[in-house]
Amino acid sequence: MSVKSSGSVFEVLRELAEASQPISAAELAATLRLPVTSTIRALATLEAANFAKRENGSAKYVMGGAARLLSHAFMSQFPIRDAALPYLQRLSAVSGVSCSLFQRLGWCSLRIAFVAGTTSIINVSVLGESSSLTTGAAGIAILSGARVAFCRQAHAAAPSGSWEDLTAKTRLAKSRGFALEQSRFDQGGHDLAVPLRGDDGQAFAAIVLEGLVLQDGALSLQVPGYLEIIRELQLTIDDDPESFHGHYDHVGPEDIKLGLSPAHHGI
């Protein structure tokens with residue numbers, strides 16, 4: 001079954017990708033202001049191509065396997081991803097928590113790699129999740145390794161809180177060598193993020209340990225070991241920085257548009 005208007009198919013696919021939970025044809029039709037029959041045909045087309053699938057056989061839809069393959073292909077464009085994966089695995093093994101790699105893209109941090117924690121019961125981190133650079137441990141870590149002018153531009157593009165609060169957070173992260181923010185997912189946990197720097201000395205990515213539970217004194221005991229592993233990755237970058245130049249380095253951040261994802265949603 002096909003759809004006469006390819007535009008309707010892409011509208012449905014875009015809305016499906018941005019939905020934070022399974023969504024029905026009627027809900028999609030209402031949101032997009034499309035006839036329900038057109039929306040059903042669009043979903044049938046996407047389902048046949050494996051870009052959409054029914055959630056556990058229900059009448060609601062989520063992204064299909066083909067869409068996930070496209071997202072993985074997109075993530076592979078960033079050279080740092082393959083280099084960082086072994087370090088994410090080591091960090092997850094020694095810490096027990098999930099570990100992610102975030103790439104700076106435009107005014108956002110984009111999750112491009114993820115290793116589930118060995119002690120994590122539920123992992124809600126998703127590849128493709130994007131957040132403003134002014135929020136979350138990854139963004140704060142990246143801004144701590146950026147020029148003040150860039151930080152001001154990032155805050156102007158996606159303000160979150162006051163400039164004074166952001167400055168205080170980035171200064172603390174710079175002095176520590178890492179950012180520490182309360183976890184969005186694990187109550188009582190913290191996300192610890194360390195910036196990765198390019199040959200210009202500016203941070204272009206961040207490694208994040210997510211949901212660390214830190215007891216009294218644990219911060220000073222645990223963190224040096226984590227930082228040493230990430231330092232090994234930084235030395236790899238320093239040895240051949242040109243190999244880690246991204247496909248979008250020549251594009252100004254104001255020209256890159258990413259939708260900010262819900263907390264547990266991604267590409």
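- Contact annotation: the side chain of Ile140 approaches that of Leu166 to within less than 4.5 Å [non-hydrogen atoms, C-beta and beyond].
- Annotation: the span from Ser100 atom OG to Asp191 atom CG amounts to 9.0 Å, rounded to 0.5 Å.
- Looking at heavy atoms from C-beta onward, Val194 lies out of side-chain contact with Leu209 at the 4.5 angstrom threshold.
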- Task: Would you please test Leu133 and Phe150 for side chain to side chain contact (heavy atoms under 4.5 Å, CB included) and show each step?
- Result: CA-CA 11 Å; Leu133 284 175; Phe150 182 89; 3.8 Å; yes

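- Rounding to the nearest 0.5 Å places CG of Leu16 at 7.0 Å from CG of Leu43.
- Nearest approach of Leu212 to Ser95, heavy atoms of both residues: CD2-CB, 4.3 Å.
- Of all the heavy atoms in Glu15 and Leu28, the pair that sits closest is CG-CD2, 3.6 Å.
- No side-chain heavy atom of Pro224 sits less than 4.5 Å from a side-chain heavy atom of Leu227.
- The minimum heavy-atom distance linking Ala42 with Val9 is given by the pair CB-CA, 4.0 Å.
- In Gln89, the CD atom is crowded: over 12 heavy atoms of neighbouring residues, nucleotides or ligands sit closer than 6.0 Å.
- Ile142 approaches Ala203 most closely through the heavy-atom pair O-CB, 3.4 Å.
- Considering CG of Asp199 and CD of Gln202, their distance stands at 10.5 Å, rounded to 0.5 Å.
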- Message: Go through it in stages, so that I can follow the logic: the residues are Ser24 and Glu27, the test is side chain to side chain donor-acceptor pair (under 3.5 Å), and I'd like the CA-CA distance, side-chain angles, deciding distance and then a yes or no.
- Response: CA-CA 5 Å; Ser24 68; Glu27 291 168 331; 3.3 Å; yes

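- Follow the hydrophobic side-chain contacts under 4.5 Å out from Leu192 and you reach Val97 in the same cluster.
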- Query: Stepwise, does the side chain to side chain contact (heavy atoms under 4.5 Å, CB included) test hold for Leu196 with Leu101?
  - Reply: CA-CA 10 Å; Leu196 298 174; Leu101 170 68; 4.0 Å; yes

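- At least one side-chain heavy atom of Ile112 sits under 4.5 Å from a side-chain heavy atom of Ile80.
- Nearest heavy-atom pair across Pro195 and Ala141 is CB-O, 3.4 Å.
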- Message: If you apply the rule side chain to side chain contact (heavy atoms under 4.5 Å, CB included), what do you find for Leu46 with Tyr61, and how did you get there?
- Response: CA-CA 10 Å; Leu46 292 169; Tyr61 291 82; over 6 Å; no

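- For the pair Glu55 and Pro22, the tightest heavy-atom approach, listed with the atom from each and the gap, is CG-CG, 3.8 Å.
- Side-chain atoms of Thr39 come within 3.5 Å of backbone N or O of Pro35 as a donor-acceptor pair.
- A single hydrophobic cluster is not seen to contain both Val208 and Phe78; linkage of ILVMFWY side chains at heavy-atom distances under 4.5 Å, directly or through other members, places them apart.
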- Item | Phe178/Val223 under side chain to side chain contact (heavy atoms under 4.5 Å, CB included): CA gap, chis, key distance, verdict | CA-CA 9 Å; Phe178 59 87; Val223 171; 3.7 Å; yes

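- Atom CG of Leu13 sits about 7.0 Å away from atom CZ of Phe51, to the nearest 0.5 Å.
- Residue His155 holds its NE2 atom at 8.0 Å from CD of Glu164, rounded to the nearest 0.5 Å.
- Judged by distance alone, the side chain of Ser92 and the main-chain N or O of Leu88 form no donor-acceptor pair under 3.5 Å.
- The closest side-chain heavy-atom distance from Tyr226 to Leu91 is below 4.5 Å.
- A donor-acceptor contact shorter than 3.5 Å links the side chain of Thr236 to the backbone of Glu232.
- Side-chain N or O atoms of Asn56 include none that pairs as donor or acceptor with a backbone N or O of Ser58 at under 3.5 Å.
- Proximity of a side-chain donor or acceptor of Gln234 to a complementary backbone N or O of Arg197 within less than 3.5 Å is detected.
- Distance check, rounded to the nearest 0.5 Å: CD of Glu129 to CZ of Phe102 gives 5.0 Å.
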